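These numbers come from a predicted model, not from an experiment. When reading the values below, keep in mind they use all heavy atoms of this one structure, side chains included, and skip hydrogens, waters and symmetry mates.
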Amino acid sequence: MDTMTTVVPWPAAIGLARAWYDPHLERIHEDAKARRADLLQLEQIATGYPSAEAFLTELTLDPPDATSDQAGVPSRTRIT
C-alpha cells in the first residue's frame, strides 16, 4: 500500500501522518517526548471534526495549549 497516494478517510489520515513522523522525532527534536504528546493531542482533537478543513480552520483560529509550552527556537532541520 502506497500511503502517499492512497485516499484515507478523515481523521485516520492524521493518524497515518503522525505514525510516519514518529520515528523522526528523536532525530529532529531534543524534546521528542513532548512533541510526541503534542501530536497525540492533535490526533485526539481531530476526531471531533468532520473534515480536515473544519479541523484546520478551528486549529488556526483557536489553537490548543501545547504540552511543550517552552518550544524555543524552531529547528531548520529538513526531513529528507
Does one hydrophobic cluster hold both Leu42 and Leu40, with members joined at side-chain heavy-atom distances below 4.5 Å?
no
Under the side-chain hydrogen bond (donor to acceptor under 3.5 Å, both in side chains) rule, what pairs show up with a residue in residues 7-17, not counting sequence neighbours?
none
Closest heavy-atom pair, Ala46 versus Pro11, reported as atoms and distance to 0.1 Å, is O-CB, 4.0 Å
Can you name the closest pair of heavy atoms from Ala54 and Pro50 and give their distance?
CB-CD, 4.1 Å
Atom pair OH (Tyr21) and CD1 (Ile28), whose distance is rounded to the nearest 0.5 Å
4.5 Å
Once salt bridge (Lys or Arg N to Asp or Glu O under 4.0 Å) is applied, what residue pairs with a partner in residues 12-26 remain, sequence neighbours excluded?
Arg18-Glu43, Asp22-Arg36, Glu26-Arg36
Does anything in residues 45-54 form a salt bridge (Lys or Arg N to Asp or Glu O under 4.0 Å)? List the pairs, not counting sequence neighbours.
none
Minimum side-chain heavy-atom gap Ile45-Leu59 below 4.5 Å:
no
I'd like to check Ile14 versus Phe55 (side-chain heavy atoms, cut-off strictly below 4.5 Å). Are they in contact?
yes
